[in-house]
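Quick note: numbers below take in every heavy atom, side chains included, and nothing from hydrogens, waters or symmetry partners.
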Amino acid sequence: QLQLVQSGGGLVQPGGSLRLSCVASGPTLDYYDIGWFRQAPGKEREGVSCISDSDGSTYYTDSVKGRFTISRDNGKGTIYLQMNNLQPEDTAVYYCGADFRLFGVCSLSSGEYTFWGQGTQVIVSS
């Protein structure tokens, strides 16, 4: 089955940037919608961004619009989340997920996703 391995987390100061990567093995990412999610302590997993396989359309939760950018390279089997102007409220464990689907747009609901990366910690603090 599809496996996702993440990298790129770490500690940054407010206003800093990080790029998260998620590398797929097994089946290609073709036909998969990809999402990035995050979970802060004591909170439920929140959808951050997703990108549809069908048309490449992207979606973002309001709190990250204009700061985060999701992208994918199916040839490399890699998904990225570029995070700019990070703020303390962005602190969380971030997960990439893959959702096999043949039509429709991607979802920011974690329950729609079947395959998950291992998670990576992002801490934004001065």
- request: Hey, could you give me the CG/OG distance between Leu108 and Ser49, rounded to the nearest 0.5 Å?
  value: 7.0 Å
task: State whether the side chain of Tyr95 and the backbone N or O of Gln6 hold a donor-acceptor pair below 3.5 Å, judged by distance alone.
output: no
field: Criterion side chain to side chain contact (heavy atoms under 4.5 Å, CB included) on Val48 and Met83, from CA distance to verdict
entry: CA-CA 11 Å; Val48 175; Met83 304 185 293; over 6 Å; no
task: Starting from the C-alpha separation in whole Å, work towards a yes-or-no answer on side chain to side chain contact (heavy atoms under 4.5 Å, CB included) for Gln3 and Val23.
output: CA-CA 8 Å; Gln3 297 183 69; Val23 179; over 6 Å; no
Rounded distance [0.5 Å steps], CG in Asp33 versus CD1 in Ile79: 11.5 Å
- prompt: Can any side-chain N or O of Asp53 pair as donor or acceptor with the backbone N or O of Asp30 at less than 3.5 Å?
  reply: no
message: I need the Tyr32 OH to Arg72 CZ distance, nearest 0.5 Å.
response: 11.0 Å
- prompt: How far apart are the closest heavy atoms of Arg38 and Ser63, and which atoms are they?
  reply: NH2-OG, 3.3 Å
task: Tell me, yes or no, whether the heavy-atom count around Glu44 atom CD, taken from other residues, nucleotides or ligands under 6.0 Å, exceeds 12.
output: no
- prompt: Got a donor-acceptor contact below 3.5 angstrom from the Ser52 side chain to the Ser54 backbone?
  reply: no
Any donor-acceptor pair under 3.5 Å from Thr58 side chain to Ile51 backbone: no
- prompt: How many angstroms lie between atom CG of Leu81 and atom CD1 of Ile34, to the nearest 0.5 angstrom?
  reply: 12.5 Å
Spatial distance of atom CG (Leu29) from atom OG1 (Thr78) [nearest 0.5 Å]: 7.5 Å
message: Are the side chains of Ser57 and Cys106 in contact, using a 4.5 Å heavy-atom criterion?
response: no
statement: Tightest non-hydrogen contact, residues Pro14 and Ser126, listed as CD-N, 3.7 Å
- request: Check step by step if side chain to side chain contact (heavy atoms under 4.5 Å, CB included) holds for Gln39 and Ser110.
  value: CA-CA 11 Å; Gln39 188 164 20; Ser110 63; over 6 Å; no
- request: Measure the shortest side-chain to side-chain distance between Phe37 and Val93 over non-hydrogen atoms and say whether it is less than 4.5 angstrom.
  value: no
message: Tell me whether Tyr94 shares a hydrophobic cluster with Val124, the cluster being built from Ile, Leu, Val, Met, Phe, Trp, Tyr side chains joined at under 4.5 Å.
response: yes
query: Does the side chain of Phe68 reach to within under 4.5 Å of the side chain of Thr61, using non-hydrogen atoms?
result: no
query: Which pair of heavy atoms, one from Gly35 and one from Tyr113, lies closest together, and at what distance?
result: N-CE2, 3.5 Å
field: Tyr60 side chain vs Ile70 backbone, donor-acceptor pair below 3.5 Å
entry: yes
query: Does one hydrophobic cluster hold both Leu2 and Tyr31, with members joined at side-chain heavy-atom distances below 4.5 Å?
result: yes
- prompt: Knowing that exactly one of Asp90, Asn84, Asn85 qualifies, which makes a side-chain hydrogen bond (donor to acceptor under 3.5 Å, both in side chains) with Arg67?
  reply: Asp90
message: Can you tell me how far apart OG (Ser125) and CG (Leu86) are? Round to the nearest 0.5 Å.
response: 12.0 Å
